[in-house]
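Counting begins at 1 with the first residue of the sequence.
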Amino acid sequence: MLVVLGLLPAATYLLTGYAVRPAGQVFAPLRLALIRAAVLIGALGEILVEILGAAHALTHVALLLTWSIAPLLALLGAGLRYRRDRGLPDLRGWARTVWTGAGRPERIMMIALAVLLLGELLIAALSAPNNYDSQTYHLPRIEHWVQQRDVDLFPTRIHRQLTMAPGAEYLLLHLRLLTGGNALYNLLQYSAGIGCALVASRIAGQFGGSSRAQVLAAFVFGTAPMAALESTSTQTDLVVAAWAACVATLVLDGLHRRARAVDVAMLGLATGLTGLTKENGLLAVGPLLVIWGVAQLRQDALGARCAARKARPARPTVVVRLGAPLRTAGAAVAILALATAVAGPFLFRIGSAYGNLLGPDYLRDSISMQRHDPPAILINALRIGHTALDTPIAPLNDAVAQGVKGLSRDLGVNPEDPRITFTHTTFPVTSWMPDEDKASFPVQAMLVLLGAGFLLVRPGRRVPAGLVWPVRVYTTAWWLSVILYVSTIKWQPWGNRLIMYLLALGAPLAGLWLDSLFRPRGATEEPARYGRGWRVATGVAVAALVVGGCAGGLAVGYGWPRRLVGAGSVFTDGDMKSLFQRRQQWRPDYEWAAAAVRASGAKRVGLVQDQDTWEYPWWLLLPGRDIEAEQSLTPGTPPVKRDQVDAMVCVESPGVCAQYVPHGWKLHMRNGIGYALPAAG
């Protein structure tokens, strides 16, 4: 039962959370402790992969040894903290206080979220990883790393196995080597989804939001269909959203006090984790770090003035004043250094191989905008918004899409221009159905947009007076992140996945706005103040929350390609059927080819495939064998030669497959999938 070994990182995380929980007065210390522990364990996992990889020692034994020592060190830290605290925190009392202090609406939302999370946990635990991209590059790259015992570049036809940021896969690699399989893979995104909801609630509280505002923030994020669907998959969007949200809440902690070493360390590591997981998250992290730097300079200036008043006359006050910005500059350098320590090795490999830290030209051109004029950016933004807000009301969707196309023609922008549109895709697409690749979240997105709008224009009505400027600055940074996204990332049919980090960072704004809309408990205003308009507005808001919650529930119950009930339920499908859920017609042919290769006794198998075919099933169907690419897009890394393998599997046209068959071998093809063996075999 090697799966049990996957609990070692979890045990380390919990012990670390207790050891690093804040000692002073800070908002939501338990949530902050969980955030700190996540950043520390995440950074440890990423750096450990690089260190062991450099020593060519990424093996089960090495990681088992490491994760056997890590809990002991965490236990030591927890023991020291226990001695200092002279006891454990009263978690039961805390939970009782939270529950008894919550009103009926908050309790209903908490119960609904708990039920939703339970359903997601069942799916994550019972379903095989069957996301399309995971079959193509997320998971095969892990198998290549295991095979070569390092994370160096390897020959492959699928460049995304090399060029896409690998942070989430590095963490999955730990589970793969510890447990020997993929049984726990889905739990990474599941944990990240919970983390996003917790951090969203903490951010709402940092702005003075009530318990209701905090629950609303978590509810808005947690019920988004895309969040619910991705939380049971091996995609990476929730992971990067969680790291970006960690940066956000840590930045807000630094708005009103000078950063300590632990704060700087957490920010640096969280920034590195964001960049190593998915680069789009940096579009939000960048503005947030600018806010933090300005706030620290402000704190340093205040501290310098106080120090100048207290300084002796003989002491030059200019030294104090110059030392203040230098302190912040040093902290900024430390953040950059820590971020580089986490993400730098991967970026160095990519930069050395392709001459650009962002990878080859064909990768950048397929994703990044090549037009940056205002009309093109506006059309790109409108298309992204249409896809995120897509509803089951077809006439409404069609009318809005036609409006976007009409406006694009008026502005002289081709809505299908490849410079602003992902290759070989066409706007619009139907995205309201609960499919993890495209699912829209119109209710949650609209609540976030309304909250971000009202809090930017009139924050004073929704947060305490002393927190108006932090809320306005944060909201401005959120809008800037949106602008940066629509200015740099092309529209694509599956773009709703890529904006999960914007939803996580915007959910607190929705929670604060909704809380201000509902009549607050203990209100001193006269009831007459709440007229018919207020009753209509609150009724619409309640209806939106109910509809949004139902949408999240339906995504868990009937989502695709993993669901609780109906055809394809995780309770009825086995691992292999679940693995091929997206393409069931491919399964018999993969199994047919793999069975022939296994029967031949081949130990070294050559692989020929297209740039978007499924490689991962071969690793599961051909266990214990080396699988090596006979094609390579990797600069300076040649593929395996055809006379160096014992068998070949191919997912391509018969003509292409035939080009790689050694002389004297026989090629067998069926429905675009084939294998080749020596004729005698």
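- Distance alone, capped at 3.5 Å, places no donor-acceptor pair between the N380 side chain and the S487 backbone.
- Using modelled atom types, no side-chain atom of S127 and backbone atom of A124 make a donor-acceptor pair closer than 3.5 Å.
- If you take CG on D437 and CE on M226, they are separated by 7.0 Å, rounding to the nearest 0.5 Å.
- Under the 4.5 Å side-chain criterion, counting only non-hydrogen atoms from C-beta, V199 is not in contact with L34.
- Taking the charged nitrogens against the carboxylate oxygens, R160 and D133 do have a contact shorter than 4.0 Å, which makes a salt bridge.
- Among residue pairs with one or both ends in residues 217-253, none qualify as ring pair (Phe, Tyr, Trp, His ring centres under 6.0 Å); sequence neighbours excluded.
- Comment: R582 engages D435 in a salt bridge, judged by a side-chain N to carboxylate O separation of less than 4.0 angstrom.
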Could you go through the side chain to side chain contact (heavy atoms under 4.5 Å, CB included) check for K490 and S368 one step at a time? CA-CA 6 Å; K490 294 178 178 178; S368 303; 6.0 Å; no
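- Contact annotation: the side chain of S201 never approaches that of V215 to less than 4.5 Å [non-hydrogen atoms, C-beta and beyond].
- Of all the heavy atoms in G209 and Q214, the pair that sits closest is O-NE2, 3.2 Å.
- Applying the side chain to side chain donor-acceptor pair (under 3.5 Å) criterion to E46, with sequence neighbours excluded, gives no partner residue.
- You'll find the side chain of L48 stays beyond 4.5 Å of the side chain of Y170, heavy atoms only.
- Ring-centre distance between F207 and Y474: below the 6.0 Å cut-off.
- Here the side chains of L484 and P287 are in contact, with some heavy-atom distance below 4.5 Å.
- In this structure, L480 CG and L283 CG are separated by 9.5 Å, a value rounded to the nearest 0.5 Å.
- Two rings, from H256 and W292, have their centers 6.0 Å or more apart.
- Considering only heavy atoms from C-beta on, S233 stays 4.5 Å or farther from L229 through its side chain.
- The closest side-chain donor-acceptor pair between T16 and R36, if any, does not fall under 3.5 angstrom.
- At least one side-chain heavy atom of P29 sits less than 4.5 Å from a side-chain heavy atom of P22.
- Proximity of a side-chain donor or acceptor of S431 to a complementary backbone N or O of T387 within less than 3.5 Å is detected.
- Residues forming a side chain to side chain donor-acceptor pair (under 3.5 Å) with S191 (at least two apart in sequence, or on another chain): none.
- What you find for A33 and R21 is that their closest heavy atoms are CB-CB, 3.4 Å.
- The backbone N or O of L117 sits less than 3.5 Å from a side-chain atom of Y190, completing a donor-acceptor pair.
- In this structure, I489 and I384 approach most closely via the heavy-atom pair O-CD1, 4.1 Å.
- A distance below 6.0 Å separates the ring centres of F427 and W491.
- What you find for D515 and R212 is that their closest heavy atoms are OD1-NE, 2.7 Å.
- Side chain of T249 to main chain of C246: no donor-acceptor pair is present (N/O by atom type, distance under 3.5 Å, no hydrogens or angles).
- For H174 (side chain) and G45 (main-chain N/O), a donor-acceptor pair under 3.5 Å exists by modelled atom type.
- Annotation: ring-ring contact (aromatic ring centres under 6.0 Å, His included) contacts of W94 (sequence neighbours excluded): none.
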Please tabulate, for side-chain N and O atoms in residues 441-461, each donor-acceptor pair with protein atoms closer than 3.5 Å (sequence neighbours left out).
residue : atom : partner : partner atom : Å
Q444    : NE2  : T223    : O            : 3.2
Q444    : NE2  : T223    : OG1          : 3.2
Q444    : NE2  : G548    : O            : 3.4

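- In this structure a side-chain-to-backbone donor-acceptor pair under 3.5 Å is present from E106 to G103.
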Given R141 and E169, is the salt bridge (charged side-chain N to carboxylate O under 4.0 Å, His left out) satisfied, shown in steps? CA-CA 8 Å; R141 70 198 310 188; E169 291 90 333; 3.0 Å; yes
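- No hydrogens or angles considered: nothing links the side chains of T232 and N186 as a donor-acceptor pair under 3.5 Å.
- With sequence neighbours left out, A332 forms a side chain to side chain contact (heavy atoms under 4.5 Å, CB included) with no residue at all.
- Distance alone, capped at 3.5 Å, is enough to place a donor-acceptor pair between the Q161 side chain and the T136 backbone.
- Judged by distance alone, the side chains of S231 and Q189 never bring a donor and an acceptor atom under 3.5 Å apart.
- One distance of note links CD of E230 with CD of E120; it measures 11.5 Å at 0.5 Å rounding.
- When only modelled atom types and interatomic distance are considered, Q581 and N130 share no side-chain donor-acceptor pair under 3.5 Å.
- Contact check on D390 versus K438 returns no salt bridge, with no Lys/Arg side-chain nitrogen under 4.0 Å from an Asp/Glu carboxylate oxygen.
- L238 and C196 make their closest contact through O-SG, 3.7 Å (heavy atoms, listed as atom of the first residue, atom of the second, distance).
- For the pair Q296 (side chain) and G254 (backbone), a donor-acceptor distance under 3.5 Å is present.
- From I499, atom CD1 reaches atom CG of D237 across 10.0 Å, with rounding to the nearest 0.5 Å.
- The CG atom of L187 sits 8.0 Å away from the CG atom of L175 when rounded to the nearest 0.5 Å.
- Looking at R562 and E436, a side-chain N of the basic residue comes within less than 4.0 Å of a carboxylate O on the acidic one, giving a salt bridge.
- Here the CG atom belonging to L276 is positioned 11.5 Å from the OG1 atom belonging to T340, to the nearest 0.5 angstrom.
- Put simply, the side chain of R383 reaches to within 4.5 Å of the side chain of I420, judged on heavy atoms.
- I35 has its side chain out of reach of L198: every pair of non-hydrogen atoms, C-beta onward, lies at least 4.5 Å apart.
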In sequence, state the C-alpha distance, the side-chain angles, and the governing distance for F27 and D253, and then conclude on side chain to side chain contact (heavy atoms under 4.5 Å, CB included). CA-CA 9 Å; F27 176 75; D253 279 340; 5.7 Å; no
Please assess R364 against I367 for the test side chain to side chain contact (heavy atoms under 4.5 Å, CB included), listing each intermediate value before the final yes or no. CA-CA 6 Å; R364 300 196 307 275; I367 298 174; over 6 Å; no
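- In Y558, the OH atom is not crowded: 12 or fewer heavy atoms of neighbouring residues, nucleotides or ligands sit closer than 6.0 Å.
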Is there a side chain to side chain contact (heavy atoms under 4.5 Å, CB included) between L498 and Q492 once you walk through the steps? CA-CA 10 Å; L498 306 182; Q492 43 198 290; 3.5 Å; yes
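- N182 contributes no side-chain N or O that, together with a main-chain N or O of Y185, makes up a donor-acceptor pair within less than 3.5 Å.
- Closest of all the heavy-atom pairs between N397 and H386 is O-NE2, 3.0 Å.
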